[in-house]
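Below, read A as the first sequence line, B as the second, and so on, with proteins coming before strands; counting in each chain starts at 1.
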There are 2 protein chains.
Amino acid sequence: MISQTTKSSPGRPRSTEVNQAILQATLDLLAEVGYQGLSIEAIAARAGVGKTTIYRRYHSKEELIAEAIEHNRPQLVIPDTGSLWADLEEVHKQAAEIDLSPLGRQTIAMIISLASTVPHFAEIYWKKYVIPRRKVASVIFERAKARGELSPEVDADLICDLMTGLLFKSILFQPETEQIESYMRRALDFLLKGVTSKSL
Amino acid sequence: MISQTTKSSPGRPRSTEVNQAILQATLDLLAEVGYQGLSIEAIAARAGVGKTTIYRRYHSKEELIAEAIEHNRPQLVIPDTGSLWADLEEVHKQAAEIDLSPLGRQTIAMIISLASTVPHFAEIYWKKYVIPRRKVASVIFERAKARGELSPEVDADLICDLMTGLLFKSILFQPETEQIESYMRRALDFLLKGVTSKSL
DNA sequence: TTATTGTAATACGATGCCGTATCGTATTAT
DNA sequence: ATAATACGATACGGCATCGTATTACAATAA
């Protein structure tokens with residue numbers, strides 16, 4: 001077994017493989033059965049690990065889940081196509097893929113459901129999802145402003161939130177005929193009509 | 001006991017009070033413990049009713065919850081203040097109250113969590129929440145257009161969706177209600193800046 | 001080597017919920 | 001009155017999970 005301990009400590013060090021297996025199993029099961037349906041036993045079975053091994057590392061289900069989410073990093077790649085619209089389209093696609101995946105859905109549902117009772121989850125999600133996302137939007141908008149595509153006083157966060165919110169709502173609840181893609185484009189067109197220097 | 005049966009049927013008719021109690025208890029508990037944590041026993045206890053009475057009416061938890069949500073009607077009162085801005089502020093306040101309440105949050109979380117496996121819930125939510133909301137927005141915007149406050153080609157559904165989408169996203173990512181309120185206000189201000197004939 | 005800790009496997013009692021059945025009572029139509 | 005149905009209460013066996021404890025073996029640091 002390949003295990004490393006950077007610093008000394010008496011007995012046998014904890015296995016990195018087991019750590020990974022536990023966290024991965026937690027995420028997998030979270031995606032499948034949701035927060036409430038998550039059981040330590042199932043995680044242990046999925047990870048090929050004894051329950052004891054989990055209980056030794058984490059003192060509560062919340063602690064374990066928090067660590068698993070913290071450990072899982074859905075990276076957003078900042079696009080740089082040279083066009084505001086293309087950049088936004090690309091980043092929205094990425095964000096949608098993350099949020100609408102089984103894991104993304106369950107995570108989000110968990111956050112909403114527990115945010116009032118376990119605020120720590122909301123903090124984690126804020127740190128792991130929202131901040132990077134806004135950062136990306138900010139970069140994209142700054143570039144567009146530098147290119148003169150966008151008025152300098154545009155609130156990037158606001159527009160970003162409006163668009164992602166619409167995207168979210170559309171994909172989740174849209175029983176309508178109009179294609180989401182064109183709807184999004186129409187929305188963005190409307191949003192930027194007053195603040196872009198030239199038509200899209 | 002006061003119970004009424006409009007038409008004949010041999011034995012003792014089902015109690016309307018019991019119906020109400022069951023559905024109300026279901027909604028209350030849904031708000032408190034969420035979908036997964038919901039147990040028939042707890043509902044029965046809360047409603048002051050035997051488990052059998054519930055099993056006699058509903059064959060599954062899903063059926064019961066669907067009925068409870070269907071039965072619960074968060075009514076939006078269409079304001080008519082004579083001012084577009086005041087109307088929107090009022091209706092936004094109502095919508096936020098519904099969505100940000102414990103029941104609203106749990107309902108939304110439930111929808112997200114189950115949308116892929118129990119799409120019926122998404123339909124109910126669409127019918128009970130989204131459609132009426134769009135209707136209200138439509139009426140308000142039509143009035144504003146008639147008053148000349150608003151450009152006639154403004155898409156009421158789009159703005160409504162943008163706002164509800166933002167509200168939705170805010171609930172997801174930002175659990176503090178107060179910040180959501182003011183943020184929503186700012187968004188509304190931005191959205192209407194370009195399309196209103198006079199400053200707000 | 002030797003002591004220490006980690007691990008997997010298993011067992012345990014406790015708890016909570018499930019869905020069903022039964023019972024005695026209450027309510028209604030005929 | 002009688003039949004039919006609803007009601008609350010209670011009990012049941014079954015199941016899943018909890019969190020802990022015990023065991024026997026593996027890995028590792030001193």
**Request:** Check the distance between D:dC7's P and B:Gln20's CD and give it to me in whole angstrom.
**Result:** 13 Å
**Asked** What's the spacing between B:Leu166 CG and A:Leu162 CG if we round to 0.5 Å?
**Response** 5.0 Å
**Prompt:** Between atom CD in A:Glu41 and atom P in C:dC12, what is the gap in whole Å?
**Reply:** 15 Å
**Complete:** Across all chains, not counting sequence neighbours, the ring-ring contact (aromatic ring centres under 6.0 Å, His included) partners of B:Phe121 are none
**Message:** Taking atom types as they are modelled, would you say the side chain of B:Thr52 forms a donor-acceptor pair with the base of D:dA6 within the 3.5 Å cutoff?
**Reply:** no
**Item:** Name of the residue among B:Arg133, B:Lys169, B:Lys93, B:Arg105 meeting salt bridge (Lys or Arg N to Asp or Glu O under 4.0 Å) with B:Asp99
**Value:** B:Arg133
**Request:** Starting from the 5' end of DNA chain C, give me the residue, B:Ile40 or A:Val49, whose nearest nucleotide shows up first.
**Result:** A:Val49
**Message:** Just by distance, no angles: are the side chains of A:Ser113 and B:Gln106 close enough, under 3.5 Å, to form a donor-acceptor pair?
**Reply:** yes
**Asked** Whole Å only: how far is the NZ atom of A:Lys51 from the C1' atom of C:dT10?
**Response** 10 Å
**Fill in**
Rounded to whole Å, the CZ-P distance (B:Arg46 to C:dC17) equals 13 Å
**Request:** Look at the side chain of B:Pro10 and decide which nucleotide, out of C:dT28, C:dT7, D:dA4, has an atom nearest to it.
**Result:** D:dA4
**Prompt:** Taking only side-chain nitrogens and oxygens of B:Arg12, does any of them come within less than 4.0 Å of OP1 or OP2 of D:dA4?
**Reply:** no
**Complete:** When rounded to whole Å, the CD to C1' distance for the pair B:Gln36 and C:dC18 reads 15 Å
**Item:** Nucleotide D:dG19, atom C1' - distance to CD1 of A:Ile43 in whole Å
**Value:** 14 Å
**Message:** Measuring from the side chain of B:Ser39 (C-beta onward, heavy atoms only), which nucleotide among C:dT7, D:dA21, C:dC17 has the closest atom?
**Reply:** C:dC17
**Asked** Can you check whether A:Val154's main-chain N or O pairs, donor with acceptor, with A:Ser151's side chain at less than 3.5 Å?
**Response** no
**Request:** Round to a whole Å and report the spacing from CG of B:Leu38 to P of C:dG16.
**Result:** 16 Å
**Item:** Donor + acceptor pair across side chains of A:His71, A:Gln24 (<3.5 Å)
**Value:** no
**Message:** Please give me every residue in residues 53-62 of chain B whose heavy atoms get under 4.0 Å of an atom in DNA chain D, ordered by residue number.
**Reply:** B:Thr53, B:Arg56, B:Arg57
**Asked** Judged by atom type as modelled, is there a donor-acceptor pair below 3.5 Å linking the side chain of A:Glu63 to the main-chain atoms of A:Tyr58?
**Response** no
**Prompt:** CD of B:Glu17 versus C1' of D:dA6: gap in Å, rounded?
**Reply:** 13 Å
